[in-house]
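These notes concern the structure reproduced below.
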Amino acid sequence: MATQETVDHKYVYDFAEGNKDLKDLLGGKGANLAEMTNLGLPVPPGFTITTEACQAYLATGREPDGLAGQIEAHLESLERGMGRRLGDPHDPLLVSVRSGAKFSMPGMMETVLNVGLNDRSVVGLAAQAGGNERFAWDSYRRLIQMFGKTVCEVPGEEFEHALDEAKRARGTTNDLDLDADDLRGLVDAYKKIFLKHTGRDFPQEPREQLDLAIRAVFESWNAERAVLYRRQERIPADLGTAVNVVAMVFGNLGPDSGTGVAFTRDPASGAQGIYGDYLANAQGEDVVAGIRNTVPLQELERLDKRSYDELLGIMARLEGHYRDLCDIEFTIERGKLWMLQTRVGKRTAAAAFVIAGQLVDEGLIDLDEALHRVNGAQLAQLMFPRFQLDHDFEPVAKGVGASPGAASGKVVFTSARAVELAAEGEAVILVRRETNPDDLNGMIAAQGILTSRGGKTSHAAVVARGMGKTCVSGADEIDVNVPAKRFSVAGQTVNEGDVVSIDGTTGKVYLGEVPVMPSEVVRYFEGTLDPDEADDALVKAVHRIMTHADAARRLAVRANADTGEDAARARRFGAQGIGLCRTEHMFLGDRRELVERLILARTDTERSDVLAALLPLQRDDFVEIFREMDGLPVTVRLIDPPLHEFLPPLEQLAVDVAVAQERGEDVAKEEALLAAVRRMHEENPMLGLRGVRLGLVIPGLFAMQVRAIAEAAVRVTREGGSACPEIMVPLVGAVQELETVRAEAEKIIAEVVGDSGVEVLIGTMIEVPRAALTAGQIAEAAQFFSFGTNDLTQMGWGFSRDDVEGAFFWRYLELGIFGISPFESIDRDGVGRLVRIAAEEGRAARPELKLGVCGEHGGDPESVHFFHSVGLDYVSCSPFRVPVARLEAGRAAVETVGSDSR
Ligand code: PEP
Ligand code: MG
């Protein structure tokens, strides 16, 4: 007969049963603890409760059937292995209960240490620790504090106040100066706080403590800050967290114990070496919380050489095993090293490139994998400006360069104020002694983060690096006074609202706004920095990986550029053509008057006069662009927006006319203009007279543009250059629209081009859903399609692109209806399906049909992968996004196994 255990779904895995590839089920922490266990590394024994158990709990509000029994069985086996029982009064086994989702969410969810301690086992623990009462009572007070805060939502400040009070009574500021009696008193105080807030005594039953802690970890998946972090990092909302129950080892047993975090390479720069922080006589959360200042890991060599050597050996082994930078957490209990965590570590954008290059050199990975290890978002970060080298500012403080970048902004001291000022469009620098997970909102809103405590592994540093925010941590010359909203440094006082600049690479802090310059990476892309000569490891690594991406990618990358200057920049950044030259800006400025005349024209002659005046101006515009793009294709889109956009706003004009009439002035011209504006007014201009519709309604308008394009191409060719124009008709929904425009255009082209050898293609945007759905017909009349995914998204969803993002997307994001705005990243299932259908049906009708995309999505990393997968020929994006699109197109082409670059 099957036992209950075998009938039940398996929700609990011993560390020996898992491995690093089971992150979906066991979370990152659990999977890696299992991996280390199986590598024979010193991991305290324990087990992992799966993410499926969490998902079931969150769906139903109760533990799934069978979970309690499986926990019981695994706990018993843990107790057997350790030779101790949970909370035994004489010789207690204590456990930690730790969250661990598939993707690391530093500090966002909960951990409870020392579970199993109560009024009786605290005595046993002291005895077991060789009569170390101080240690036992310190551990107990930590349990009540963490359990109270995490499981029962007791406000954390109350415990902190009580701790401050105990230190004050003892005349110290260091918690290490509190003795066993002080801590015993503190436990009493904590229990009272617990009772006051929960209406019950602190639970003495160890198993109840364990069950409640597990439940609290499950629930912390949906804590506000975790939800916010997931949204920021685009982590799916339905993954749930695993829970790790691990036998406690103690770093707070005395000076021969301690705890630390380390990286196998510098997560900020990628430089090889040992990076980490160590804190003697402490438990893990003290390091990450930045409560006490840590010492560099190298100090451990002096303090405990044996553990240090063992740690270095393990770190080298982990790097080789994971073939990547690893970060680790460890504890030393009375000279015995224990590994508490490892994972492929988060790193800055610069470090990601540098490390990928190093690992290729070391033969650990190949170039395809190196390409997979970096991403477009990181490259975009590296293109942000940095501080000028020759500025006259003197630093007022220096901390740890925790997350690089150059940030200037107004000083704020609270997360709320950061959010407030950022909403008003101000750049702010969030200044704290140290951050904690509740500061997440402010960190997202700020340009940069400055703390006076904590090292490279403090909360601020880890989270800022994950977000790509500039951060200087541990600038201890700065004395932060949050209630007074000021900090003092080098004899000066800096108040809220004063401007400071922080350099996340050097760790330097300046008063005032330090001027910025283009980053090295931009200089490299612009061709002003030769990678072979640069002594910068980053530029060399970027060059190497970009070269590989360019060789690997199938998608071409073009740019959206409307001027010669933009075209030139795009070309320097590696654009292989222009995918969208919008012509509307060519009707603005001092040409507005001509456009007004065009709109007001009452006769054909008046209209053709204006068009004749516009023709040479347009021709010059195109000549400039064709010259810059010599030999590369340039897609010119005929005018798209409604003409009234070129006229003055209705209300303003009406007021001006009324005032002028009142004064008795001659307003015949203005009245005619007003009448035209009224006539052209549309309730839904985005769905009105624009694009091809305009071309069909205003005689001669498109014809003038076509002629200007063809004449410009002929001129550039006659000069000895090479122009490859592609004329693109916007907003087509039916093949008949395109056929009509095309018939007229072909006549003009034939007439202008003659025997010059210029070839002009005619194609269309696919940006109206009907066009996508009738692509087979439209392809009969088009030599190319370019997907206008901005309008396709607008019309596919029925979302006004000008209004909805500000109006209600926040609610849609909150509800998880989508994880990211569909205007930012292509909605694969809906709008993407339209693209796929149009690509397939268009190609079926005309196999040589050229396919591209020119909506904003062309520069979005995720979307580039989609466009690769549907077989487009190119993506087109703004010039600054061109390198990002090149990289992502390369990544899409080599998409293989390999580690997750998140
Ligand atoms: C589009 O709709 O995606 C597009 C590129 O055109 P525009 O943004 O100019 O409407
Ligand atoms: Mg459009």
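When a residue number appears, it is its place in the shown sequence, counting from 1. All values below come from the heavy atoms of this structure, side chains included, with hydrogens, waters and symmetry mates left out. Ligands are counted one by one from 1 in listed order, and the atoms in each one are counted from 1 as well.
Heavy-atom contacts of Arg801 reach the following atoms of ligand 1: 2 (O), 7 (P), 8 (O), 10 (O) (cutoff under 4.0 Å). Set against the non-hydrogen atoms of Cys854, the atoms of ligand 1 under 4.0 Å away are 5 (C). Close contacts between ligand 1 and Asp640 involve ligand atoms 10 (O) [criterion: under 4.0 Å to a heavy atom]. The Gly788 neighbourhood of ligand 1 comprises atoms 1 (C), 2 (O), 3 (O), with distances under 4.0 Å to a heavy atom of that residue. Set against the non-hydrogen atoms of Met765, the atoms of ligand 1 under 4.0 Å away are 4 (C), 5 (C), 6 (O).
Tested against Asp873, the residues Arg558, Arg843, Lys850 include a single salt bridge (Lys or Arg N to Asp or Glu O under 4.0 Å) partner, Arg843. Screening Met586, Arg592, Glu584 for a side-chain contact (heavy atoms from CB on, under 4.5 Å) with Leu588, the sole residue that qualifies is Arg592.
The protein heavy-atom contact nearest to atom 9 (O) of ligand 1 is Arg582 NE, 2.8 Å. Regarding atom 6 (O) of ligand 1, its nearest protein heavy-atom neighbour is Arg637 NH1, 2.9 Å.
Here Asp791 reaches the Mg ion (ligand 2): one of its N/O/S atoms is less than 2.8 Å from the metal.
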- prompt: Run the side chain to side chain contact (heavy atoms under 4.5 Å, CB included) check on Thr635 and Tyr874 step by step: do they pass?
  reply: CA-CA 12 Å; Thr635 308; Tyr874 68 86; 4.2 Å; yes
- request: In sequence, state the C-alpha distance, the side-chain angles, and the governing distance for Asp630 and Ser722, and then conclude on side chain to side chain donor-acceptor pair (under 3.5 Å).
  value: CA-CA 5 Å; Asp630 190 28; Ser722 161; 4.7 Å; no
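Contact check on Arg582 versus Asp640 returns no salt bridge, with no Lys/Arg side-chain nitrogen under 4.0 Å from an Asp/Glu carboxylate oxygen.
When you scan the N, O or S atoms of Glu767 for the one nearest the Mg ion (ligand 2), you land on OE1.
Closest non-hydrogen pair, Phe823 versus Glu856, comes out as O-CB, 4.3 Å.
Proximity of the aromatic rings of Phe809 and Phe799 is defined here by a centroid distance below 6.0 angstrom, and this criterion is met. Here the two rings, on Trp797 and Phe818, have centers that are under 6.0 Å apart.
By the criterion of a heavy-atom distance under 4.0 Å, both the backbone and the side chain of Asn790 are placed next to ligand 1. Counting heavy atoms closer than 4.0 Å to ligand 1, residue Leu580 contributes side-chain atoms (C-beta onward) but none from N, CA, C or O.
Look at His857 and you'll find every heavy atom at least 4.0 Å from all atoms of ligand 1.
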